[in-house]
Amino acid sequence: MQARSIPHVALVGVPNSGKTTLFNSLTGQRKKVANYPGVTVEPSVGIVRQHASAIALVDLPGVYSLSPKSTDEEITLRVLEGADPHLGSPDGVLLILDATNLEKGLLLFSQLASLGKPMLVALTMIDEVKRRSAMLDDIQLEATLGVKVIPIVGVKGIGITELRSELVNIEHWRTPFVHVPPDATIEDRISWARLVAAQVLREVHLDERSERIDRIVLHPLWGMVVFVLIMALIFQSIFTWAQPVMDWIDYGFSQLRAWMVGDAIAPPLWLDFLANGIVAGVGSVLVFAPQIFVLMVLVTILEDSGYLARAAFFVDAILGSFGLQGRSFIPLLSSYACAIPGILSARMIPSHAERMATILVAPLMTCSARLPVYTLLIAAFVPPVLVGGVISLQALVLGGLYLAAAVVGLCVAWLLRKTVLSSDRTPFFLEFPPYRVPHWRNVVVRAYGRMQDFFQTAGTVILALSVVLWALASFPRVEPQPMMSADHYRRMQLEQSYAAKLGKAIAPVFAPMHFDWQVTLGIIGSFAAREVFVSVMGQLYAVGGDDPSNLGLQHALQRQLQPPVAFAVLAFYMFALQCMSTIAVLRRETGSWRWTAFAFAYMLVLAYGAAALTYNITSALLS
Amino acid sequence: MLAMLSLEQVEAGHVVRIVRLAGSQSFVERMKELGLVYDTVVEVVRRSPLGRTIQLRYGTSHIALRLSRNHMIGVEPLHQQIASVQPERALDYVV
């Protein structure tokens, strides 16, 4: 909470008016921005300094008016009315007017003026207006509104210094003219806004460039080609560009652990805790970083360029028939890297029911933590033959797992919207921003910020759970026998640990698909992060390694598991919500334990059913 | 008098004038806030190849819109556009 020693200014604007870019350049705080409506989701406060003075700037979710229709719009109204217990009543309002979208901004101005607070107007996108060779009269605008209007170009920093000086000079701000009475209808406000916009903005032309790009990008055929290419690029980047970095991180951490433990058969407890509890835990958090960063960079580029809104238009029809909407696209796409950024980005969906449905199915999208499990089991149990002489059966199975999970996810969303989330049939609308070249600094800062979100929400949970799992696997302590190898000792320790007892106690639950206690233990370990399954198998079968391409591990699994069991494990991992950090984020974002329990339960039922079914079908086929 | 169409019935490339908004209060309010008030002239730029989502242009705004069943935006074709409305509905436009 901010001490109330400096004035507070609320930063307000319609969605996608360049608000967060401006917030970033004024405060230097790393916060996300996007050329995609609905990115600011909760008020964040930054300090603007100029010489000796300073003000606190409160970045608020974009609103079209002061009558909120979604949860994030309510936040804005609450802060403006001084009803937020942490922030109190703002001392002034900084309104962002998007010069390419003046009418909506002026409508908002007409309502803000009734608040009677001192105000300052930042006029953004003036470069965009110039590019379309329109004439913008900011002096006339200033005279009409009655408050200072400062034209800026956020990404280039033009006008920022002047704006900053004006901002900290809050005692000299003026209170805006009230042109439209507080009880006026929206129609009256729109008429006034149109009148003012027509006075200050002349020779408005169509944005030819955006029109031209749209003709290709939204073309029924070429649009689809572009869409598929971009999606392919995203998946390619997750798997081929981020994977090597992830492998280095993974390798680095296992080397570090090996170095810490040295050639001790049974390292002292504190060293074991540091190496296999803490370092392993940190490693399993950090290993996600490259992928999430690469994905976020690409998503941010898509957002900032303006393409994302078009992609949402494209997929809205498909997602709409499953009870979701165009805005569900980014949460679902992000969930292919990790469900956590996916669930967080669902906040941009205004309709409660659609947002909940998106959140509840996001964990079904195949996140990257499942990939090591898939890779290991497919490499060990699917023969490396070519189907039709072209595509490998292993790749086909992997692709099938991804596709099937997505299809099931959409069907679950449809079912949810037909039953428990059937209310709230809101229309879908999304503004198309003009196409713009993304600014690299914006992209990096924002992708970095989103990665921080991930570390803050998931990192702590994963780390804590790794430590708990380490403790379960390390007690009661077993004394090493003479002549025992380190791998053998670790296996013995694990076999006699509380974790093994837990696995043995739970294993009967999985009797229909014949999961033994070792597989059960792997499933329990997956609650930290699913890929832990691989290292648990590595320890249990005393082959050390936690690398899914480890041949020793593959052979050990081939000896230990019947193929139908292995396929049942794959089916189980497709659906089960066995990831504690996702559960924690679900709890936070749905605000309810009941929904969280529901999500866990329905995915468990799906996973259990799919595993049992897979076991029976594959045993029938293979016998 | 011209007969009223639902915005969803308008073919791509046609220009119409909004004459009515119907549905929940929050829907009507939101559409008005977006500038889709009575008498606003909008162009249906294109329709989604896969479904009911449409792209609208009015003033300097471009939006994608998909109406749910209980919401309606009633429109009238502009006079010069009468000739190009779907032929099977043309009779409806006889003054």
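Just so it is clear, the structure is predicted and the values come from calculations on it, not from any experiment. Computed over heavy atoms, backbone and side chain alike; hydrogens, waters and symmetry mates excluded.
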*Asks:* Quick check on A/R215 against chain B: is it the side chain, the backbone, both or neither that has a heavy atom closer than 4.5 Å?
*Replies:* both
*Asks:* Do any N or O atoms from the side chain of A/Q140 and from the backbone of A/D137 form a donor-acceptor pair under 3.5 angstrom?
*Replies:* no
*Asks:* Does the cation-pi check pass for A/R327 over A/F429, that is, NZ or CZ under 6.0 Å from the six-membered ring centre and within 45° of its axis?
*Replies:*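 Judged by the rule, A/R327 and A/F429 form a cation-pi pair.
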*Asks:* Does any backbone or side-chain atom of A/L107 lie under 4.5 Å from a heavy atom of chain B? Answer side chain, backbone, both or neither.
*Replies:*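 Just its side chain gets close to chain B.
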*Asks:* Taking A/R189 for the side chain and A/L108 for the main chain, is one N or O donor matched with an acceptor at less than 3.5 Å?
*Replies:* no
*Asks:* Between A/L201, A/I186, A/I190, which residue shows the highest count of heavy-atom pairs closer than 4.5 Å to chain B?
*Replies:*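 Among the listed options, the one with the most contacts to chain B is A/I186.
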*Asks:* When you look at A/F227 and A/F329, which way does the ring-ring contact (aromatic ring centres under 6.0 Å, His included) test go after all the steps?
*Replies:* CA-CA 12 Å; A/F227 180 78; A/F329 176 58; 5.7 Å; yes
*Asks:* Does A/R202 reach the main-chain N or O of A/L136 with its side chain, forming a donor-acceptor pair under 3.5 Å?
*Replies:* no
*Asks:* Report which part of A/S67 has an atom under 4.5 Å of a heavy atom belonging to chain B: side chain, backbone, both, or neither.
*Replies:*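 Both backbone and side chain.
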*Asks:* Please classify the contact of A/D214 with chain B as side chain, backbone, both or neither, using a heavy-atom distance under 4.5 Å.
*Replies:* both
*Asks:* Output the option from A/A193, A/A317, A/A197 having the highest count of non-hydrogen pairs under 4.5 Å with chain B.
*Replies:* A/A317
*Asks:* Which bit of A/T100 is near chain B, if near means a heavy-atom gap under 4.5 Å: side chain, backbone, both or neither?
*Replies:* backbone
*Asks:* Under a 4.5 Å cutoff for heavy-atom pairs, which residue among B/G59, B/S48, B/S24 has the most contacts with chain A?
*Replies:* B/S48
*Asks:* May I ask you to check whether A/E431 and B/H62 show a side-chain donor-acceptor distance below 3.5 Å?
*Replies:*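 Per modelled atom types, A/E431 and B/H62 side chains form no pair under 3.5 Å.
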*Asks:* Is the backbone of A/I349 close enough, under 3.5 Å, to the side chain of A/T358 for a donor and an acceptor to pair up by distance?
*Replies:* no
*Asks:* May I ask you to decide if A/L66's main-chain N or O and A/Q111's side chain share a donor-acceptor pair within less than 3.5 Å?
*Replies:*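 Pair found, side chain donor or acceptor close to backbone of A/L66.
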*Asks:* Below 4.5 Å from any heavy atom of chain A, which atoms of B/R57 appear? Answer side chain, backbone, both or neither.
*Replies:* side chain
*Asks:* Heavy-atom distances under 4.5 Å only: say whether A/R194 touches chain B with side chain, backbone, both or neither.
*Replies:*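 For A/R194, the contact with chain B is made by the side chain alone.
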*Asks:* What part of A/E73 gets within 4.5 angstrom of chain B, counting heavy atoms only: side chain, backbone, both, or neither?
*Replies:* side chain
*Asks:* Among B/D39, B/I54, B/L56, which residue has the highest count of heavy-atom pairs closer than 4.5 Å to chain A?
*Replies:* B/I54
*Asks:* Output, in order, the C-alpha distance, side-chain angles, deciding distance and verdict of salt bridge (charged side-chain N to carboxylate O under 4.0 Å, His left out) for A/R436 and A/D127.
*Replies:* CA-CA 11 Å; A/R436 289 165 72 82; A/D127 52 335; 3.6 Å; yes
*Asks:* Most heavy-atom pairs under 4.5 angstrom with chain A, which of B/L34, B/I63, B/L67, B/T60?
*Replies:* B/L34
